[in-house]
2 protein chains.
Amino acid sequence: MASTRPAAADRPATIHDIAALCGVAASTVSRALSTPDRVNIRTRQRIEAAAAQLHYIPNSQARALSSGRTGAVGVLVPDITNPFYFDLIRGTQLQLKAAGYTQLLVDTEESDEVEASTVEQLRKSADGIIVAASRLSDDALLAAAAKTPLVTVNRDVPGVPAVLIDTPSATSQALDHLVSLGHARIAYMAGPVTSQSSARRWTALSEAAEERGAEVLRLGPFAPKTQSGAAAADAAVHSGVTACIAFNDLIAIGMLQRLRERGISVPLDMSIVGCDDIFGADFCNPPLTTMASPIEQAGRVAVSMLLAQLNPLAVGGARTRSVMPTHLTVRGSTGPAPLT
Amino acid sequence: MASTRPAAADRPATIHDIAALCGVAASTVSRALSTPDRVNIRTRQRIEAAAAQLHYIPNSQARALSSGRTGAVGVLVPDITNPFYFDLIRGTQLQLKAAGYTQLLVDTEESDEVEASTVEQLRKSADGIIVAASRLSDDALLAAAAKTPLVTVNRDVPGVPAVLIDTPSATSQALDHLVSLGHARIAYMAGPVTSQSSARRWTALSEAAEERGAEVLRLGPFAPKTQSGAAAADAAVHSGVTACIAFNDLIAIGMLQRLRERGISVPLDMSIVGCDDIFGADFCNPPLTTMASPIEQAGRVAVSMLLAQLNPLAVGGARTRSVMPTHLTVRGSTGPAPLT
DNA sequence: CACGTTTTGGCAATCGGTTGTCATGTGTCG
DNA sequence: CGACACATGACAACCGATTGCCAAAACGTG
């Protein structure tokens with residue numbers, strides 16, 4: 001049909017196109033689509049019909065610019081290739097999508113600098129941020145949280161909403177498990193020095209060990225990668241312990257491989273406990289005894305907490321801290337202590 | 001200092017703040033920052049100093065709105081939790097960051113509908129799109145590529161730039177390997193029906209089998225998850241083959257687990273070949289013989305091809321197709337055919 | 001029927017940049 | 001020394017939506 005409008009080009013439709021088609025003002029279209037109550041139901045239906053007909057998709061940039069809300073949430077993880085984060089990412093992705101948000105996933109490469117600059121960057125282009133296993137200092141996190149809605153995962157800083165995974169308590173379970181199997185000298189293969197969860201876990205472990213009269217020693221730090229497992233295994237063997245609790249499954253799996261290479265039997269000569277129950281923990285050789293937790297759920301909870309900050313509609317203050325339970329999953333990598 | 005300007009608030013600095021500080025127009029600031037040559041070097045330096053002093057960070061929304069360029073690239077994968085994509089994602093992330101782009105990672109949940117709507121969505125908020133293992137039809141992909149710069153990975157559609165992983169040729173290698181071990185009846189455990197790589201691989205495999213006088217049969221389809229491995233293993237056992245080539249490592253690993261449960265020895269009773277050499281393929285039990293390729297590099301190449309589309313500065317036409325080599329990595333899951 | 005109240009919808013400013021146009025100012029050359 | 005090209009920077013129009021403000025319309029009531 002011959003139209004007098006400038007161009008019904010192939011270009012995506014805007015509210016102006018809709019307005020022209022309906023013979024109303026662009027602002028009315030905007031209202032009809034975002035605050036339906038402020039507009040006559042019949043006008044609204046005409047507008048909705050026109051929007052559908054034109055395959056209208058709102059321009060998120062423009063919306064962000066004028067409203068200040070971007071509809072995006074940044075999710076920062078230290079290492080995308082660490083399977084631990086798969087489930088977390090999956091959880092955040094699902095929950096964010098359900099709420100109509102877009103996930104901006106960034107790998108901070110275990111670097112506090114990348115993390116800091118990303119947080120700063122995201123302050124403009126995201127409505128909120130979820131930071132997993134932050135490498136930032138408490139102060140930096142606190143400052144960031146003051147400027148942007150932010151939720152941490154596995155990082156406990158007073159004043160910053162957080163989802164915590166209760167590995168410390170699972171650590172005691174792991175210790176009990178090993179002690180009951182007759183192990184008396186146990187090593188903790190520590191994670192990065194900047195990792196708060198590693199520190200918390202070691203504290204819990206050494207306290208629990210004292211109560212039970214077991215001896216624990218701390219080795220490392222080790223990078224949370226399977227490659228570090230070789231060094232960890234060698235350190236463990238050299239230290240003479242009969243059982244190890246690793247910072248995470250990656251290190252534990254790496255140890256398994258190295259010990260096998262060295263002809264040291266797991267669990268006959270050495271027992272290994274991992275942490276996180278990542279992809280692979282159930283099919284490595286031997287299958288790994290590890291501390292499991294509902295990671296995907298942690299991601300969902302983190303999103304919920306963040307959204308509660310963004311839309312403080314609920315009267316009661318939103319939960320600002322959530323602790324995910326963790327339990328020990330016993331598989332084949334732990335067994336009775338070798339006879340001396 | 002007492003300033004006459006409206007507000008030196010805590011709010012992030014804009015080019016207007018810089019302009020006011022330097023006593024020039026905002027447009028000059030814009031030019032100084034984006035087209036430095038168009039501005040006097042001394043003015044420019046003053047502006048740059050002011051920008052640094054004010055910790056100026058450009059607002060990406062505003063920039064996107066007026067320039068049309070968002071500085072973001074969408075990366076679509078069917079399943080974030082599939083380890084195959086870790087390396088790909090890592091590759092795209094690194095290369096994109098190096099080029100100053102932001103990665104928008106989306107999990108399309110193996111759904112063509114989600115994929116289609118995401119592509120449409122991203123058309124506005126990203127400068128280009130990389131689609132891994134697309135579930136869309138050739139026509140849909142072609143149409144999308146016409147509207148948005150787009151590169152596919154592992155999906156060959158004429159007219160759409162693509163990075164292909166040459167698993168078909170590796171499939172022949174795998175077949176040779178198995179035939180030389182004495183296997184005569186071999187099953188291919190197919191992937192999703194919508195997966196083009198699965199189809200291509202089957203074609204290559206059946207052709208190669210004909211040349212070599214081996215018998216191959218196709219079982220499935222199976223979902224690319226370890227859970228499907230159980231069904232795959234049972235189907236393989238029932239079919240009476242002595243060796244299987246699986247669509248990917250997830251299925252292969254699942255088969256390993258199931259066969260172990262059923263007391264069938266790998267590789268004594270059954271040989272298994274996977275594909276992708278994902279995380280876990282080297283430490284499962286037994287370690288998996290699999291077809292390996294430089295996935296991270298594939299991600300980087302995909303980004304390069306996309307960026308070449310975005311900035312067609314090079315005179316010669318950009319490469320529109322790139323094939324990544326694949327080779328067979330022999331580990332413990334394959335061995336001589338059992339004596340009949 | 002007049003008046004007050006509530007809906008309803010239009011106008012225009014605004015978000016923070018980019019970019020085309022144009023008026024200067026500077027330098028070079030014949 | 002005049003003419004001309006070019007470098008420079010100001011102005012203003014946009015990009016596509018949101019939103020405060022106000023006027024017109026619709027409604028109800030006495």
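Every heavy atom of this structure was used, including side-chain atoms; hydrogens, water molecules and symmetry mates were not. By convention in this document, chain letters (A, B, ...) are assigned in the order of the sequence lines, proteins followed by strands, and residues within each chain are numbered from 1. Note that the structure is a prediction, hence the values are computed from the model and not measured.
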Rounded to whole Å, the CD1-P distance (A/I41 to D/dA26) equals 18 Å
Looking at D/dT18, I'd like to know if its phosphate oxygens (OP1 or OP2) sit under 4.0 Å from a side-chain N or O belonging to A/S30. yes
Just N and O in the side chain of B/T28: are any of them under 4.0 Å from OP1 or OP2 of D/dA10? yes
Check whether the side chain of B/R38 and the base of C/dG20 form a donor-acceptor pair under 3.5 Å. no
Taking atom types as modelled and ignoring hydrogens, do the side chains of A/S134 and A/E115 form a donor-acceptor contact shorter than 3.5 angstrom? yes
For the base of D/dC11, is there a side-chain donor-acceptor partner from B/S27 under 3.5 Å away? yes
Taking NZ, NE, NH1 and NH2 as the nitrogens, is one of them in A/K97 or B/D107 under 4.0 Å from a carboxylate oxygen of the other? no
Considering heavy-atom distances to DNA chain C, does B/A62 or A/A25 have its closest nucleotide positioned more toward the 5' end? A/A25
How about B/E109 and B/D79: do any of their side-chain heavy atoms sit closer than 4.5 Å? no
Taking CD from B/Q45 and P from D/dT8, how many angstroms apart are they, rounded to a whole number? 13 Å
Within less than 4.0 Å of OP1 or OP2 of D/dG16, is there a side-chain N or O belonging to A/Y56? no
Under 4.0 Å between any heavy atoms, over every strand shown, what does A/R44 touch: base, sugar-phosphate, or nothing? Just pick one. nothing
Could you tell me whether B/E113 atom CD has more than 12 heavy atoms of other residues or ligands within 6.0 Å of it? no
Taking 4.0 Å as the cut-off, does a side-chain nitrogen or oxygen of A/S67 come that near to OP1 or OP2 on D/dA17? no
Between the side chains of A/T92 and A/Q103, does any donor sit under 3.5 Å from an acceptor? yes
Is there a side-chain contact between A/R31 and the phosphate of D/dC21, meaning an N or O under 4.0 Å from OP1 or OP2? no
Can you tell me if the side-chain N/O atoms of A/R63 get under 4.0 Å from OP1 or OP2 in D/dT19? no
Round to a whole Å and report the spacing from CG of A/N40 to C1' of D/dA25. 11 Å
Are B/S34 and C/dG17 close enough that a side-chain N or O sits under 4.0 Å from OP1 or OP2? no
Answer yes or no: does a side-chain N or O of A/T43 lie under 4.0 Å from OP1 or OP2 of C/dG9? yes
